[in-house]
Amino acid sequence: MKIEYNKSLKKYNTFGIDAVASEFLTITSERELIDVLSIRPKKNIFVISGGSNMLLTRNVDALVLHIAIKGISIKKLSEDFVLVSACAGENWHDFVQFCIKNNHGGLENLSLIPGYVGSAPIQNIGAYGAELKDNFVSCEAIHIQTGEKHTFLNDDCNFEYRNSVFKSKLKGEYIITKVAFRLTTKTHTLNTSYGAIENALMQNNITHPTIKDVSEAVIKIRKSKLPDPLEIGNSGSFFKNPVISTTDFSKLQETYPNAPFYQIDRDNTKVPAGWLIEQCGFKGKRWGDAGVHVKQALVLVNYGEATGQELLKLSKKIQNSVFQKFNINLETEVNII
Ligand code: EPU
């Protein structure tokens with residue numbers, strides 16, 4: 001067990017914030033995790049996996065556990081399905097590509113999402129008409145207080161739009177170590193309904209897409225809109241898309257007839273936060289090294305040396321502005337630490 005002291009977390013969060021951990025330990029096996037939890041005062045533990053959905057606004061005075069447990073296994077369930085399990089420290093996109101290479105379908109729409117497998121269930125990652133919960137079977141997790149292992153089935157996780165039991169009722173109580181998915185091997189159910197995917201496939205004259213084609217289309221769309229965290233620090237969408245009453249949305253449409261929306265049900269309408277933020281004039285703006293992405297206003301960016309506090313200040317300015325103009329509250333999607 002090699003604990004490092006006063007370690008910079010810059011490399012461990014995709015925003016590239018230079019916060020310092022008082023103690024830092026990389027965990028490479030479930031056994032090691034259970035051992036650490038048995039000897040450490042349990043309250044002062046902070047878990048970091050891919051660091052792709054957090055904004056660090058302060059130094060972390062705790063033992064930071066970086067969960068880097070690796071390994072993938074495949075079990076045949078039937079002629080048509082396999083159960084693919086991946087350990088928490090696998091890179092999410094590499095895992096998706098591994099599945100595609102092996103002709104295991106179901107995760108292709110979630111290509112190129114930054115982060116690790118272990119944190120994917122926490123916010124039920126989603127993109128282009130698909131969500132993790134669609135193929136998720138179960139995950140194993142270690143209870144921080146007792147060190148006991150628990151298996152959560154899909155129904156136990158209370159998955160919702162960018163939310164789960166791990167982000168709500170059980171927040172901070174478990175460390176996910178392994179996630180299992182049921183994937184197709186023969187007849188893949190492709191989800192190309194998201195307009196941009198269809199366009200990308202059409203542009204390449206693909207009429208009978210494979211899971212690889214869908215993955216490539218998603219990669220192309222993401223690359224065209226979203227900044228690569230290796231080049232510009234960011235955490236993907238900073239806010240959730242707000243849901244408002246359909247009556248309020250109709251009023252909004254009187255002033256903005258072209259406002260984009262997703263109809264949730266008769267009474268509720270989801271409005272893209274990126275559009276609201278753009279209407280408030282923030283798109284592409286920059287204050288020092290903290291800014292709003294040029295191509296997608298929902299993504300806040302760190303051009304280099306921005307602090308977590310500066311980005312937090314910018315996010316509050318955006319929330320205030322959207323509230324003033326539209327009377328809509330934007331909720332953050334990333335975890336503010
Ligand atoms: N829009 C604007 N201006 C902008 C950004 C968007 O007008 O600056 C408009 C677009 O023109 C479009 C609509 O808003 O009409 C929706 O935009 P987009 O398709 O880019 O998707 P989004 O709703 O902004 C969500 C997810 C993304 C996910 C995409 C695709 C949330 C909070 N975000 O974004 O997820 O990749 O859909 O499925 O639900 C993430 O969670 O980190 C993330 C990137």
Side-chain angles (χ1 to χ4, degrees), residues 13-15 50-55 92-93 96 107-116 119-134 159-164 167 191-200 214-215 217-229 232-244 249 252-253 256-264 269-286 291-301 315 318-319 321-322 325-326 328-336:
N13 69 99
T14 59
F15 249 128
S52 61
N53 202 41
M54 59 166 63
L55 177 65
W92 174 262
H93 177 65
V96 172
L107 302 178
E108 50 285 349
N109 291 42
L110 305 179
S111 297
L112 213 62
I113 295 185
Y116 287 4
S119 41
I122 299 177
Q123 63 148 348
N124 180 28
I125 57 170
Y128 307 106
E131 285 185 329
L132 167 128
K133 74 169 170 57
D134 305 336
F159 287 127
E160 288 172 4
Y161 166 62
R162 296 297 192 279
N163 204 3
S164 78
K167 214 178 160 183
N191 186 345
T192 56
S193 55
Y194 204 89
I197 296 188
E198 275 177 353
N199 291 343
V214 174
S215 169
V218 168
I219 291 171
K220 191 172 159 196
I221 302 163
R222 287 189 77 95
K223 280 191 170 161
S224 73
K225 282 194 183 179
L226 299 166
D228 179 350
I232 305 175
N234 76 91
S235 254
S237 301
F238 196 89
F239 302 100
K240 289 185 190 175
N241 285 332
V243 176
I244 61 172
F249 184 69
L252 191 148
Q253 271 181 318
Y256 303 93
N258 296 325
F261 64 97
Y262 318 99
Q263 195 71 51
I264 305 268
T269 303
K270 193 182 265 189
V271 192
W275 180 82
L276 295 168
I277 298 168
E278 181 171 350
Q279 295 308 308
C280 292
F282 283 99
K283 194 168 181 172
K285 291 274 163 64
R286 178 174 175 169
V292 177
H293 189 50
V294 182
K295 295 183 194 149
Q296 165 53 291
L298 190 48
V299 178
L300 302 195
V301 290
S315 76
I318 292 172
Q319 281 169 320
S321 197
V322 168
K325 197 174 172 83
F326 294 102
I328 294 176
N329 270 317
L330 287 187
E331 240 181 81
T332 57
E333 199 229 79
V334 301
N335 296 307
I336 312 288

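Every number for a ligand or one of its atoms is a count from 1 in the order of the listing.
- Checked by atom type and distance alone, the side chain of Asn191 never pairs as donor or acceptor with a backbone atom of Asn109 at under 3.5 Å.
- Between Phe238 and Phe15, the ring planes lie perpendicular to each other; the angle is over 60°, past the 30° to 60° tilted range.
- Near Trp275, meaning under 4.0 Å from one of its heavy atoms, ligand 1 places the atoms 1 (N), 2 (C), 3 (N), 7 (O).
- Counting heavy-atom neighbours within 6.0 Å of Lys167 NZ, excluding the residue itself, gives a total above 12.
- When side chains are defined from C-beta on, Lys270 does not count as touching Pro242, because their heavy atoms never get closer than 4.5 Å.
- Of all the heavy atoms of Gln296, the ones lying under 4.0 Å from any atom of ligand 1 are found in both the backbone and the side chain.
- Among residues two or more places apart in sequence or in another chain, the ring pair (Phe, Tyr, Trp, His ring centres under 6.0 Å) test is passed with Phe249 by Phe261.
- Protein heavy atom closest to atom 36 (O) of ligand 1, with residue, atom name and distance, is Arg222 NH1, 3.5 Å.
- Ligand-side atoms of ligand 1 in range of Pro260: 15 (O), range being under 4.0 angstrom from any heavy atom.
- By the salt bridge (Lys or Arg N to Asp or Glu O under 4.0 Å) test, Lys283 pairs with Glu278, sequence neighbours left out.
- Counting protein heavy atoms only, atom 16 (C) of ligand 1 is closest to Tyr262 OH, 3.2 Å.
- Close contacts of ligand 1 with Lys283, meaning ligand atoms under 4.0 Å from a residue heavy atom, involve 3 (N), 4 (C), 8 (O).
- Side chain of Thr269 to main chain of Gln263: no donor-acceptor pair is present (N/O by atom type, distance under 3.5 Å, no hydrogens or angles).
- At least one side-chain heavy atom of Leu252 sits less than 4.5 Å from a side-chain heavy atom of Ile328.
- For atom 19 (O) of ligand 1, the nearest non-hydrogen atom of the protein is Tyr194 OH, 2.8 Å.
- Considering backbone and side-chain N/O of Glu333, one or more are found under 3.5 Å from N/O of ligand 1.
- Residue contacts with ligand 1, taken as heavy atom pairs separated by less than 4.0 Å, involve Phe239 solely via the backbone atoms N, CA, C and O.
- The nearest protein heavy atom to atom 12 (C) of ligand 1 is not closer than 4.0 Å.
- Among all non-hydrogen protein atoms, the one lying nearest atom 3 (N) of ligand 1 is Glu278 OE1, 2.6 Å.
- Looking only at protein heavy atoms, the nearest one to atom 14 (O) of ligand 1 is Pro272 CB, 3.2 Å.
- With a heavy-atom cut-off of 4.0 Å, Phe261 does not touch ligand 1 at all.
- Looking only at heavy atoms of the protein, atom 44 (C) of ligand 1 is closest to Ser237 OG, 3.3 Å.
- Annotation: side chain of Lys223 is in contact with side chain of Leu112 (closest heavy-atom distance under 4.5 Å).
- Annotation for ligand 1: atoms under 4.0 Å from non-hydrogen atoms of Arg162 are 26 (C), 27 (C), 31 (C), 33 (N), 35 (O), 39 (O), 40 (C), 41 (O), 43 (C).
- The single protein non-hydrogen atom nearest to atom 25 (C) of ligand 1 is Asn241 ND2, 4.1 Å, given as residue, atom name and distance.
- Heavy-atom contacts of Gly236 reach the following atoms of ligand 1: 42 (O) (cutoff under 4.0 Å).
- Per-atom contact check: atom 32 (C) of ligand 1 touches the protein, criterion being a heavy-atom distance below 4.0 Å.
- Counting only heavy atoms from C-beta outward, the side chains of Phe239 and Ile277 approach each other to under 4.5 Å.
- The side-chain heavy atoms of Arg286 and Val301, taken from C-beta on, include no pair separated by under 4.5 Å.
- For ligand 1, the atoms closer than 4.0 angstrom to any heavy atom of Tyr161 are 31 (C), 32 (C), 39 (O).
- For the residue pair Pro229 and Pro114, the shortest heavy atom distance occurs at CG-CG, 4.2 Å.
- The backbone and the side chain of Ala297 each have at least one atom closer than 4.0 Å to an atom of ligand 1 (non-hydrogen atoms only).
- Ranking protein heavy atoms by distance to atom 18 (P) of ligand 1, first place goes to Lys225 NZ, 3.7 Å.
- A perpendicular orientation is assigned to the rings of Tyr128 and Tyr194, their planes being inclined by more than 60° (bins at 30° and 60°).
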